[in-house]
Novice: 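Here it is: the structure, laid out below.
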Amino acid sequence: MLNGLRTVIYKVKELELAKKWYTSFVGHPPYFDQPFYVGYNVGGYELGLDPNQDHLTTGNNVVTYWGVDDLRAEVARVHALGARVVSDVQDVGDGILVATVADPFGNVIGLIQNPNFKLEA
């Protein structure tokens with residue numbers, strides 16, 4: 001059985017540059033910081049940065065959505081940090097809002113404001 005989301009790993013070519021950007025994005029430094037992997041605790045889940053580019057292929061279309069309290073404000077904040085808006089804020093029904101942005105390294109990050117889930121700090 002699945003126990004729920006634990007870790008999301010983004011592949012990055014320039015680990016130090018990515019670490020600086022993601023530290024601004026998540027709002028705090030990583031809890032694990034090594035030349036082969038950097039990990040952040042984000043509300044009890046791990047956001048990882050992996051510089052290993054081996055075995056990357058085109059066609060990985062997985063998008064992980066990170067919960068936020070105010071989606072419009074968060075999209076504006078990460079856009080100001082250098083993210084590109086892939087899909088702007090959309091209302092998908094029942095008060096749920098979604099958007100996707102691309103980090104400066106080409107990874108797509110999903111953001112979701114869902115009143116049906118209480119965000120953990």
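All values below come from the heavy atoms of this structure, side chains included, with hydrogens, waters and symmetry mates left out.
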Novice: Given side-chain contact (heavy atoms from CB on, under 4.5 Å), test Val86 with Val101 step by step and report yes or no.
Specialist: CA-CA 5 Å; Val86 175; Val101 298; 5.5 Å; no
Novice: Between Thr100 and Gly110, what is the shortest heavy-atom contact and its length?
Specialist: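 Closest pair (atom of Thr100, atom of Gly110, distance): CG2-CA, 4.0 Å.
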Novice: Trp66, Tyr31: one ILVMFWY side-chain cluster at the under-4.5 Å cut-off?
Specialist: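 No, it is not one cluster - the side chains of Trp66 and Tyr31 are not joined through contacts under 4.5 Å.
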Novice: With no hydrogens and no angle check, is any side-chain donor or acceptor of Asn52 less than 3.5 Å from a backbone partner on Phe36?
Specialist: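 Not at all, since once roles are kept as given, no pair shorter than 3.5 Å links the two residues.
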Novice: If I take atom OH from residue Tyr65 and atom CG from residue Leu111, how far apart are they, to the nearest 0.5 angstrom?
Specialist: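 Those atoms lie 9.0 Å apart.
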Novice: Measure the CG-OG1 distance between Leu81 and Thr23 for me, rounded to the nearest 0.5 Å.
Specialist: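 Rounded to the nearest 0.5 Å, the CG-OG1 separation comes to 11.0 Å.
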Novice: Could you report the tightest heavy-atom contact between Val68 and Glu74, atom names first, then the distance?
Specialist: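 Smallest interatomic distance, heavy atoms only, reads CG1-CG, 3.7 Å.
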Novice: When you look at CD of Gln90, are more than 12 heavy atoms from neighbouring residues, nucleotides or ligands closer to it than 6.0 Å?
Specialist: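 It does: Gln90 CD has more than 12 such atoms within range.
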Novice: So, taking the atom named NZ in Lys11 and the one named CG in Leu49, what distance separates them when rounded to the nearest 0.5 Å?
Specialist: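 The distance works out to 11.0 Å.
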Novice: Let me confirm one number: the CG-CD1 distance from Leu71 to Ile96, rounded to the nearest 0.5 Å.
Specialist: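 With rounding to 0.5 Å, CG (Leu71) is 12.0 Å from CD1 (Ile96).
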Novice: Output the distance between atom OH (Tyr40) and atom CZ (Phe25), rounded to the nearest 0.5 Å.
Specialist: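 That separation rounds to 11.0 Å.
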Novice: Give the minimum heavy-atom separation between Ser24 and Arg77, together with the two atoms involved.
Specialist: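 Of all heavy-atom pairs spanning Ser24 and Arg77, the closest is O-NH1, 3.1 Å.
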Novice: Do Ile109 and Ile9 land in one hydrophobic cluster if side-chain heavy atoms of ILVMFWY residues count as linked below 4.5 Å?
Specialist: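 No; Ile9 is not reachable from Ile109 via cluster members.
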Novice: Could you report the tightest heavy-atom contact between Gly95 and Pro115, atom names first, then the distance?
Specialist: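 Gly95 and Pro115 have their closest heavy atoms at O-CD, 3.2 Å.
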Novice: Can you measure from CG (Leu15) to OH (Tyr22) and round to the nearest 0.5 angstrom?
Specialist: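 So the gap between those two atoms works out to 11.5 Å.
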Novice: Could you tell me if the side chain of Tyr45 sits less than 4.5 Å from the side chain of Val8, heavy atoms only?
Specialist: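 Contact flag for Val8/Tyr45 side chains = no.
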Novice: Provide the closest heavy-atom pair for Pro51 versus Pro35 in the form atom of the first, atom of the second, distance.
Specialist: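 Taking Pro51 first and Pro35 second, the nearest heavy atoms are CG-O, 3.6 Å.
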Novice: Can you name the nearest heavy-atom pair linking Val38 to Asp33, along with the distance?
Specialist: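 Closest approach of Val38 to Asp33: CG2-OD1, 3.6 Å.
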Novice: Over 60° means perpendicular and under 30° means parallel, so tell me whether Phe32 and Tyr37 are parallel, tilted or perpendicular.
Specialist: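 Geometry flag for Tyr37 against Phe32: tilted rings.
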Novice: Give a yes or no on whether the backbone of Glu46 and the side-chain of Thr7 come within a donor-acceptor separation of less than 3.5 Å.
Specialist: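 No, the answer is negative, given that no donor and acceptor are paired below the 3.5 Å cut-off.
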